[in-house]
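Naming: A, B, ... by sequence-line order, numbering from 1 per chain. Remember, predicted model here, so these are calculated numbers, not experimental data.
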There are 2 protein chains.
Amino acid sequence: MSPSTEIAAGHEADAGETEAVTKNLVFTAAERLFALHGFQNVSVRDITAAAGVNLASVNYHFGSKDALLFDIFKRRTAELNRERAKMLHEANDRNEGAPPVREILAALLTPPLRWLAPDHERRISLQFLIRARSEGTDEIRTVLKTDVSHLRRFSDALLKARPDLSAEDVYWRLHFTLGMLHNNRFAEFDRLNVLSEGQTSEADVVALLERMLSFAEAGFAA
Amino acid sequence: MSPSTEIAAGHEADAGETEAVTKNLVFTAAERLFALHGFQNVSVRDITAAAGVNLASVNYHFGSKDALLFDIFKRRTAELNRERAKMLHEANDRNEGAPPVREILAALLTPPLRWLAPDHERRISLQFLIRARSEGTDEIRTVLKTDVSHLRRFSDALLKARPDLSAEDVYWRLHFTLGMLHNNRFAEFDRLNVLSEGQTSEADVVALLERMLSFAEAGFAA
DNA sequence: GTCTATATCGAGATAGAC
DNA sequence: GTCTATCTCGATATAGAC
């Protein structure tokens, strides 16, 4: 809200930097707690306690609990889609602007699956984003429904790669692929591991990516 | 739970039936509101107002708001899995106990997709169940993770149908298929319809089922 | 900028009359 | 069984001292 909140980083020390540190502590703690327990199950008190800052920090730095959630959502979404766009761009370069289905899907799925790796610093961010999709505020839901620009790049590429398919077919198959992706929640992995009696493990994300790509590519080829 | 709840409609009015009617009104209103707005965003006051009953009804008939949610979850889950088990049983009968992948998946996916039809009386129940999966109480999450008995019937059938695949492969592909299914939320359909600029429609559930089955079957064949 | 103390509100649950 | 009125709690947000 105040101008200083926007230019917190990159200034010289003292008062300004302390502010940035506190704000980051809140941001990180909130993201983690939201990802693990869900938005509605985490209070501002939980967040500030975990961050080791005072109760008023959330409202001071972000305006409200809702605005904090939206802030985290915006930043992580932008980050993820930047990685995806970069990979799609590279796939275009490698294939004279017309990459095959598998490379398009790889650009879509690889960034989030990288984030899922047990030691990746964005592991918790991915869980946050998956949760925010279904548990977020009205504002988040509106953005999710309205802003499909990042997806359009992928649907356009898929339409070009499979001109023999109807547009309807392509959109539905993209929808199915995204469904596979969004199901990568901690709770769903646990359930799968119970069902398979420990024969599955999501720790090897490279293998998981391969599995997902093969499944989705075959689905597109059908 | 009491016999009277099952025979609410079609009787003359007296004391016992009034109870059942009120309880059913609460149950139905709660299911609808939870499905549309999410568990945490609906208050007991919202429910009783929508049902046209007094505020105390929820606690009197169900014990608590949480218990009400769990009750709905239990009843609809049992209903859905009964339909699935019946279809799997029929597929077994048709195929000497060894149905092909597509018929197994059809038994898994057809009941929920039938429920999804615009005029189906269980349309809202399906949205409730999908939501409860990620937004439910701790008790629901525990059941979801612990009780996989209904899924085991399907994973066993799939293992038998594809003895050439490793068990790990089969479990993961079942997981992907369930991800496709769980992505069938109103909000996700809306998003898809925006992306496709109206070229997609989930109203034709028969067509949607065909699409999903073909995609998943191809994924299993990969 | 930070913190404590508190205002304010909305929620679930319940007591007790009918 | 049903209803009204109310208890009690936990939440967000904020005022005001430092």
J.: Restricting to ring-ring contact (aromatic ring centres under 6.0 Å, His included), what partner residues turn up for A:Phe215, sequence neighbours left out?
T.: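 Only B:Phe176 meet the ring-ring contact (aromatic ring centres under 6.0 Å, His included) criterion with A:Phe215.
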
J.: Can you name the residues that form a ring-ring contact (aromatic ring centres under 6.0 Å, His included) with A:Phe73, not counting sequence neighbours?
T.: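 Residues passing ring-ring contact (aromatic ring centres under 6.0 Å, His included) with A:Phe73: none at all.
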
J.: Taking only the side-chain nitrogens and oxygens of B:Ser43, find out if one of them lies under 4.0 Å from OP1 or OP2 of C:dG10.
T.: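 So the side-chain polar atoms of B:Ser43 never come under 4.0 Å of the phosphate oxygens OP1 or OP2 of C:dG10.
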
J.: Figure out the CG/P separation between A:Leu69 and D:dA13, and round it to whole Å.
T.: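 These atoms are roughly 12 Å apart.
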
J.: Please give, in whole Å, the distance from C:dA11 C1' to B:Asn41 CG?
T.: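 For the pair B:Asn41 CG and C:dA11 C1', the rounded distance is 13 Å.
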
J.: To the nearest Å, how far apart are A:Leu68 CG and D:dA11 P?
T.: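 Rounded to the whole Å, the gap is 16 Å.
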
J.: May I have the distance from A:Tyr60 (atom OH) to C:dA5 (atom P), rounded to whole angstrom?
T.: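 One finds 21 Å between P of C:dA5 and OH of A:Tyr60, rounded.
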
J.: Would you please name every residue forming a salt bridge (charged side-chain N to carboxylate O under 4.0 Å, His left out) with A:Lys65, sequence neighbours left out?
T.: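 Counting only residues at least two positions away or on another chain, A:Lys65 forms no salt bridge (charged side-chain N to carboxylate O under 4.0 Å, His left out).
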
J.: Got a donor-acceptor pair under 3.5 Å from the side chain of B:Arg45 to the base of C:dG12?
T.: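 Side chain to base: pair present.
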
J.: Using whole Å, report how far CZ of B:Phe62 lies from P of C:dA13.
T.: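 Going from CZ in B:Phe62 over to P in C:dA13 covers 13 Å.
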
J.: Within the structure, does a side-chain N or O atom of A:His61 lie under 4.0 Å from either OP1 or OP2 of C:dG1?
T.: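 For C:dG1, OP1/OP2 do not have a side-chain N/O of A:His61 under 4.0 Å.
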
J.: Return yes if a side-chain donor-acceptor contact under 3.5 Å exists between B:Ser196 and A:Glu168, otherwise no.
T.: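 No, because no side-chain N or O of B:Ser196 sits under 3.5 Å from a partner of the opposite role on A:Glu168.
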
J.: Check ring-ring contact (aromatic ring centres under 6.0 Å, His included) between A:Phe27 and all other residues, then give those that pass, not counting sequence neighbours.
T.: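 If we apply the ring-ring contact (aromatic ring centres under 6.0 Å, His included) test to A:Phe27, skipping adjacent residues, there are no hits.
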
J.: Mind checking what makes side chain to side chain contact (heavy atoms under 4.5 Å, CB included) contact with A:Arg82, not counting sequence neighbours?
T.: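 For A:Arg82 the side chain to side chain contact (heavy atoms under 4.5 Å, CB included) partners, ignoring immediate neighbours, are A:Ala78, A:Glu79.
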
J.: Between atom CD in B:Gln40 and atom C1' in C:dA11, what is the gap in whole Å?
T.: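 Answer to the nearest Å: 11 Å.
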
J.: Got a sec? Which of residues 52-59 of chain B come in under 4.0 Å of DNA chain D, heavy atoms?
T.: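 B:Asn54, B:Leu55, B:Ala56 - these, ordered by number, are the residues of the stretch whose heavy atoms sit under 4.0 Å from the strand.
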
